[in-house]
Amino acid sequence: QVQLVESGGGLVQSGGSLRLSCGASGNIFRTNDAGWYRQAPGKERELVAVVAGGGNTNYADSVKGRFTVSRDNAKNTVTLQMNSLKPEDTAVYYCNVHETYYLFGNARQRDYWGPGTQVTVSS
């Protein structure tokens with residue numbers, strides 16, 4: 001059973017920085033996409049940043065230029081560096097791994113999620 005665990009959330013003032021890390025219990029990162037989502041109160045969960053198995057990255061427009069996602073497959077970790085934080089970044093941040101696997105020659109996909117870590121940015 002794969003487990004993801006986030007760390008690094010907390011309370012920070014507007015303009016500050018936080019670094020989120022996500023570790024996995026198994027060798028789940030491999031070539032799978034890994035990244036971060038967030039969910040603010042009363043809103044749907046949204047993509048923040050993802051790094052593909054090949055290293056390509058994708059960011060939500062709202063965080064481009066401020067956040068950086070990276071991965072270390074050898075250490076089974078994915079990290080989100082968040083700079084110039086804004087109050088609207090306040091949310092629970094979730095680590096995600098999107099796995100593609102093969103069953104009887106057919107590609108299947110499934111998602112793994114961490115329990116989430118709270119990020120609060122005060123104005």
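Every value quoted in this text rests on a predicted model; they were computed, and no experiment measured them.
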[atom1] of [X] to [atom2] of [Y]: how many Å apart, nearest 0.5 Å?
X: Glu44; Y: Glu46; atom1: CD; atom2: CD; result: 9.5 Å
X: Thr117; Y: Leu80; atom1: OG1; atom2: CG; result: 11.0 Å
X: His98; Y: Tyr112; atom1: NE2; atom2: OH; result: 11.5 Å
X: Arg45; Y: Asn96; atom1: CZ; atom2: CG; result: 8.5 Å

| Connected hydrophobic set around Tyr37, excluding itself, where side chains approach under 4.5 Å |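 Besides Tyr37, the cluster holds Leu47, Val50, Val92, Tyr94, Trp113.
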Evaluate Asp72 against Thr77 for side chain to side chain donor-acceptor pair (under 3.5 Å), listing each step before the verdict. CA-CA 5 Å; Asp72 187 332; Thr77 58; 4.9 Å; no
Which pairs count as disulfide bond (SG atoms under 2.5 Å apart) when at least one residue sits in residues 14-105, sequence neighbours excluded?
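Of all non-adjacent pairs touching residues 14-105, those that pass disulfide bond (SG atoms under 2.5 Å apart) are Cys22-Cys95.
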(message) Show me the pairs that pass salt bridge (Lys or Arg N to Asp or Glu O under 4.0 Å) and involve residues 90-101, at least two apart or across chains.
(response)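 Residue pairs with at least one partner in residues 90-101: Arg30-Glu99, Glu99-Arg110.
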Using every non-hydrogen atom in the two residues, find where [X] and [Y] come nearest and quote the distance to one decimal.
X: Leu85; Y: Leu18; answer: CD1-N, 3.8 Å
X: Gly9; Y: Val119; answer: CA-CG2, 4.2 Å
X: Pro115; Y: Val5; answer: CD-CA, 4.4 Å
X: Tyr101; Y: Gln109; answer: CE2-N, 4.1 Å
X: Tyr93; Y: Leu20; answer: CB-CD1, 3.6 Å
X: Tyr59; Y: Thr68; answer: OH-CA, 3.4 Å

Discussion item. Could you check whether Lys86 pairs with Asp89 (Lys NZ or Arg NE/NH1/NH2 to Asp/Glu carboxylate O, under 4.0 Å)?
Written reply: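 Answer for the salt bridge query: no.
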Is there a path of hydrophobic side-chain contacts, each under 4.5 Å between heavy atoms of I, L, V, M, F, W or Y residues, that connects Val97 with Val2?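 In one cluster: yes.
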Start with the C-alpha distance between Arg38 and Val63, add both sets of side-chain angles, then the distance that settles side chain to side chain contact (heavy atoms under 4.5 Å, CB included), and finish with yes or no. CA-CA 12 Å; Arg38 67 186 180 187; Val63 307; 4.0 Å; yes
Main chain of [Y], side chain of [X]: is a donor-acceptor contact present, judged purely on distance under 3.5 Å?
X: Asn32; Y: Thr100; value: yes
X: Gln81; Y: Arg19; value: no
X: Thr90; Y: Thr120; value: no
X: Arg71; Y: Ala52; value: yes
X: Ser123; Y: Pro87; value: no

TODO: For side chain to side chain contact (heavy atoms under 4.5 Å, CB included), just list the numbers for Val69 and Val78, CA-CA rounded to whole Å, side-chain angles, deciding distance to a tenth of an Å, and then say yes or no.
DONE: CA-CA 7 Å; Val69 63; Val78 60; 4.0 Å; yes
